[in-house]
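The structure under discussion appears below in the form of structure tokens.
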Amino acid sequence: MKTKWTAERIKGLKGNAKVVCLTAYDFTTARHLDAAGLHMALVGDSLANTMLGYSTTLPVTMEQMLHHTAAVARGITGAMVVADMPFMSYQVSTEQALANAGRFLKEAGADGVKIEGGAFRGDMISQLIQNGIPVLGHIGLTPQSIRQFGGYKVQGKKETDAERLLADALALEEAGVFALVIECVPAALGKVITDSVRIPTIGIGAGPHCDGQVLVTHDLLGLSGNTVPKFVKRYADLGDRMVQAFTTYKQDVEKGSFPSDEHCY
Ligand code: KIV
């Protein structure tokens, strides 16, 4: 019987071991991720891109996120399941954020939620935490602000921006987040932030000094085509393997070699 990874246990990894996290959006992927012993399954709002074909994360709804989070939770026994709060599910008011975050725990079986944004989210985040909802912070390139950023660009290159991101990290730590995703910042800034906070930092394009790493599973498996960000390492070419398998199946059916005797009753 596995001991489930919780916010407190993940916090305890700081300085002791790396936090290893991937996204998952469905039951089957969740089972495989869990079998590999990862600490956290993030039901990222990147499912808007990977599963639903949108070009940004903005359109994904609460109902879609709940649906996918519940599927992931059914496939997991060990990893912590964190659901991404979608665009406009927490921005309007603390009451709205509490009600929607609560739904992920009550209805979908998540163990916590992730929220994008820095110091200005501190009060709302601490309300969630005081009400029993573990929160994972997310700073740097926060994709829900893509219209504000004007593109997927490295953040924190200018000194003033780097200082603001450090201040954001400290404010989120103060608000009580159990860990902090840092996306797409120079590796040196990833290190400064990691050295300055007592909670684990989980980098995605934030260099090797972060306390842990997260990637979008479709990118790592080679299911996202060839236009992936520089920070992605491809660990498999499942996209090519799928096309090969589908092509062979098509050929077999067309020439009548499938089904053969062994597949018949
Ligand atoms: O939605 C997402 O996949 C994320 C990343 C941090 C991986 O937020």
Side-chain angles (χ1 to χ4, degrees), residues 10 18-26 29-30 33 38-62 64-69 71-72 79-91 100-101 104 108 110 112-118 121 125 134-146 149 152-156 165 168-169 172 177-185 190 193-194 199-207 210-221 223-224 227-235:
I10 286 176
K18 292 277 187 185
V19 184
V20 190
C21 173
L22 281 175
T23 62
Y25 317 104
D26 65 282
T29 308
L33 176 158
L38 269 70
H39 303 117
M40 196 192 298
L42 173 66
V43 189
D45 60 356
S46 53
L47 77 81
N49 317 114
T50 55
M51 304 301 286
L52 304 178
Y54 292 115
S55 61
T56 72
T57 59
L58 303 185
V60 73
T61 65
M62 266 302 294
Q64 288 164 333
M65 290 300 301
L66 285 165
H67 174 82
H68 284 267
T69 302
V72 168
M80 178 177 185
V81 178
V82 176
D84 227 349
M85 303 263 317
F87 183 55
M88 284 301 139
S89 70
Y90 58 94
Q91 286 89 342
N100 281 327
F104 280 112
V113 298
K114 177 167 83 56
I115 287 181
E116 293 186 7
R121 298 255 185 255
I125 286 176
V135 179
L136 173 63
H138 184 166
I139 59 169
L141 175 54
T142 44
Q144 291 176 15
S145 302
I146 189 67
F149 293 144
Y152 295 96
K153 300 173 189 158
V154 180
Q155 301 296 305
L165 285 171
D168 282 340
L172 291 174
V177 299
F178 71 89
L180 182 62
V181 171
I182 309 176
E183 181 161 349
C184 218
V185 304
I193 296 175
T194 300
I199 48 168
T201 57
I202 304 178
I204 173 161
C210 292
D211 299 301
Q213 298 291 328
V214 59
L215 282 176
V216 168
T217 292
H218 285 56
D219 295 346
L220 164 147
L221 292 179
L223 290 168
S224 307
T227 50
V228 288
K230 174 185 162 84
F231 58 72
V232 170
K233 178 170 174 184
R234 198 182 264 198
Y235 285 83

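As the structure is a computational prediction, the values presented were derived from the model and not from experiment. We use all heavy atoms of the structure for the numbers below, so side chains are in, but hydrogens, waters and symmetry mates are not. In listed order, ligands and their atoms are each counted from 1.
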* Identify, for atom 8 (O) of ligand 1, the protein heavy atom at the shortest distance, and state residue, atom and that distance. => K114 NZ, 3.0 Å
* Asked: Quick one: nearest non-hydrogen protein atom to atom 3 (O) of ligand 1, plus distance?
  -> S46 OG, 2.5 Å
* With heavy atoms only and a cut-off of under 4.0 Å, state how D45 meets ligand 1: side chain, backbone, both or neither. => both
* Structure fact -> protein heavy-atom neighbour closest to atom 4 (C) of ligand 1 works out as L42 CD2, 3.9 Å
* **Nearest-0.5 Å distance, CG of residue L42 to CG of residue L22** => 9.5 Å
* Asked: Counting only N and O atoms by type, is there a donor-acceptor contact under 3.5 Å from the side chain of Q144 to the main-chain atoms of E116?
  -> no
* Asked: Donor-acceptor pair, H39 side chain versus V20 backbone, under 3.5 Å?
  -> yes
* Point-to-point distance, once rounded to the nearest 0.5 Å, from CG of L215 to CZ of F231 -> 7.0 Å
* Spatial distance of atom NZ (K114) from atom CG (D45) [nearest 0.5 Å] -> 5.5 Å
* Asked: Just which atoms of ligand 1 are under 4.0 Å from any heavy atom in G44?
  -> 1 (O), 2 (C), 3 (O)
* Asked: H138: heavy atom below 4.0 Å from ligand 1, yes or no?
  -> yes
* Report the residues that fulfil ring pair (Phe, Tyr, Trp, His ring centres under 6.0 Å) with Y25, sequence neighbours left out, ordered by chain and then residue number. => H218
* Are any of the N/O atoms in Y25 less than 3.5 Å from those in ligand 1? -> no
* Asked: Does the side chain of Q64 come within less than 4.5 Å of M51's, by heavy atoms?
  -> no
* Asked: Between L47 and ligand 1, which residue portion shows a heavy-atom distance shorter than 4.0 Å: side chain, backbone, both, or neither?
  -> neither
* Structure fact -> Quick note on ligand 1: atoms under 4.0 Å from a heavy atom of I204 include exactly 7 (C)
* To do: Would you mind listing which atoms of ligand 1 come within a distance below 4.0 Å of any non-hydrogen atom of T23?
  => 3 (O), 7 (C)
